[in-house]
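What follows is a set of notes on a single structure, which appears directly below.
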Amino acid sequence: MEGEARRKKTPIVRLLDAARLDLDAATRLLVEPPNLLAANHLHQAAEKILSAVRLHRGLLNTKDHDLVILVDGRPGGEPRPLPAGDPWRDRFRPLESLSAYATTFRYSLTPMPKIDDLKRILKTLLELYESARGELVT
């Protein structure tokens with residue numbers, strides 16, 4: 001029965017469910033004493049929320065991890081940008097710095113994030129997650 005329920009979920013719901021798991025992990029990692037690997041989970045949550053938005057807009061999701069590219073697109077190719085005037089473009093601008101934690105950070109721990117910045121980003125992403133659930137899931 002559980003597998004049947006999972007099959008009925010749309011790709012957007014599955015992405016948002018996965019984003020929620022990353023947000024939960026980041027929340028746990030930012031409890032005292034905080035763990036800097038929360039940065040990677042925050043990036044992953046942002047990427048999954050943005051991927052859900054892109055799917056909702058009928059855009060292809062690529063293997064890109066750079067949030068700027070996923071918002072603004074790549075000139076002359078994929079990924080295409082979010083539409084001009086889309087409110088999600090501005091919602092993701094404060095999170096662009098998260099792209100630094102997408103890949104290399106997991107192995108080198110550079111650049112070193114500030115815990116206060118990660119806590120602020122977590123708060124923003126939790127709000128964006130709720131907005132995405134409300135706007136993208138019918």
Side-chain angles (χ1 to χ4, degrees):
M1 190 66 150
E2 184 178 311
E4 188 176 318
R6 185 169 47 236
R7 280 193 299 276
K8 290 181 181 180
K9 289 185 177 181
T10 68
I12 290 171
V13 170
R14 284 194 299 267
L15 280 165
L16 293 176
D17 286 351
R20 185 68 190 113
L21 291 174
D22 278 309
L23 290 169
D24 179 65
T27 299
R28 293 168 188 249
L29 288 171
L30 289 173
V31 173
E32 294 298 326
N35 184 316
L36 293 176
L37 290 180
N40 181 255
H41 288 285
L42 291 170
H43 171 270
Q44 289 296 299
E47 189 176 334
K48 289 167 185 157
I49 293 168
L50 186 50
S51 292
V53 170
R54 291 181 59 78
L55 278 181
H56 188 265
R57 304 308 193 250
L59 297 169
L60 176 69
N61 279 317
T62 62
K63 294 182 180 186
D64 290 284
H65 299 290
D66 188 321
L67 299 176
V68 174
I69 290 174
L70 295 173
V71 169
D72 294 336
R74 186 174 276 119
E78 294 292 346
R80 301 279 184 221
L82 288 178
D86 191 309
W88 286 92
R89 293 177 68 84
D90 289 337
R91 292 174 187 170
F92 271 93
R93 291 293 176 220
L95 303 173
E96 291 176 352
S97 65
L98 279 176
S99 294
Y101 309 117
T103 54
T104 307
F105 171 77
R106 291 180 291 170
Y107 305 101
S108 67
L109 298 180
T110 57
M112 190 66 71
K114 294 180 177 144
I115 295 299
D116 287 343
D117 290 342
L118 296 180
K119 289 179 179 179
R120 178 186 47 77
I121 289 169
L122 173 61
K123 183 177 184 284
T124 299
L125 277 171
L126 288 168
E127 292 168 0
L128 289 180
Y129 169 81
E130 290 301 328
S131 294
R133 291 295 286 196
E135 293 176 26
L136 308 178
V137 179
T138 55

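These numbers come from the heavy atoms of this one structure, side chains and all, not from hydrogens, waters or symmetry mates. Position 1 is the first residue of the sequence, and the numbers go up from there.
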Partners passing side chain to side chain contact (heavy atoms under 4.5 Å, CB included) against S108 (at least two apart in sequence or in another chain):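 With neighbours one apart ignored, the set is T104, T110.
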Residues that P94 engages under side chain to side chain contact (heavy atoms under 4.5 Å, CB included), provided they are two or more places apart: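 Scan of P94 (side chain to side chain contact (heavy atoms under 4.5 Å, CB included), adjacent residues dropped) gives none.
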Listed partners of R89 passing side-chain hydrogen bond (donor to acceptor under 3.5 Å, both in side chains), at least two apart: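 R89 satisfies side-chain hydrogen bond (donor to acceptor under 3.5 Å, both in side chains) with D72 once adjacent residues are dropped.
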Return all side-chain donor-acceptor pairs below 3.5 angstrom for residues 113-129, not counting sequence neighbours, or 'none' if the list is empty.
from : atom 1 : to   : atom 2 : distance (Å)
K123 : NZ     : E127 : OE2    : 3.1
T124 : OG1    : R120 : O      : 3.2

Salt bridge (Lys or Arg N to Asp or Glu O under 4.0 Å) partners of R20, counting only residues at least two apart: none
Salt bridge (Lys or Arg N to Asp or Glu O under 4.0 Å) against R91, all qualifying residues, sequence neighbours excluded: E135
Which donor-acceptor pairs under 3.5 Å do side chains of residues 21-39 form with protein atoms, sequence neighbours excluded?
from : atom 1 : to  : atom 2 : distance (Å)
D22  : OD1    : H41 : ND1    : 3.0
D22  : OD2    : K48 : NZ     : 2.4
D24  : OD1    : R28 : NE     : 3.3
D24  : OD2    : R28 : NE     : 2.8
D24  : OD2    : R28 : NH2    : 3.4
T27  : OG1    : L23 : O      : 2.8
N35  : OD1    : L37 : N      : 2.8

For the residue pair [X] and [Y], what are the closest heavy atoms and their distance?
| X | Y | result |
| --- | --- | --- |
| A52 | I12 | O-CG1, 3.9 Å |
| N61 | S51 | ND2-O, 3.1 Å |
| A132 | L16 | CB-CD2, 3.8 Å |
| P79 | L70 | CG-CD2, 4.2 Å |
| V68 | S99 | N-OG, 4.4 Å |

Where at least one partner belongs to residues 104-127, residue pairs that pass ring-ring contact (aromatic ring centres under 6.0 Å, His included), sequence neighbours excluded: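 Every ring-ring contact (aromatic ring centres under 6.0 Å, His included) pair that includes a residue of residues 104-127, provided the two are not neighbours, is Y101-F105.
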Residue pairs fulfilling ring-ring contact (aromatic ring centres under 6.0 Å, His included) with at least one residue in residues 43-78, sequence neighbours excluded: none
Linking I/L/V/M/F/W/Y whenever any side-chain heavy atoms sit under 4.5 Å apart, do [X] and [Y] land together?
| X | Y | value |
| --- | --- | --- |
| V53 | V137 | yes |
| V71 | I69 | no |
| L60 | L50 | no |

Distance, nearest 0.5 Å, that separates CZ of F92 from CG of L67: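 Rounded to the nearest 0.5 Å, the CZ-CG separation comes out at 7.0 Å.
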Beyond-backbone contact of E47 with L15, side-chain heavy atoms, under 4.5 angstrom: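 Side chain of E47 against side chain of L15, heavy atoms only: no contact under 4.5 Å found.
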Step-by-step side-chain contact (heavy atoms from CB on, under 4.5 Å) determination, R80 to T62: CA-CA 10 Å; R80 301 279 184 221; T62 62; over 6 Å; no
All pairs passing salt bridge (Lys or Arg N to Asp or Glu O under 4.0 Å) where residues 52-67 contributes a residue, at least two apart: R57-D86, D64-R74
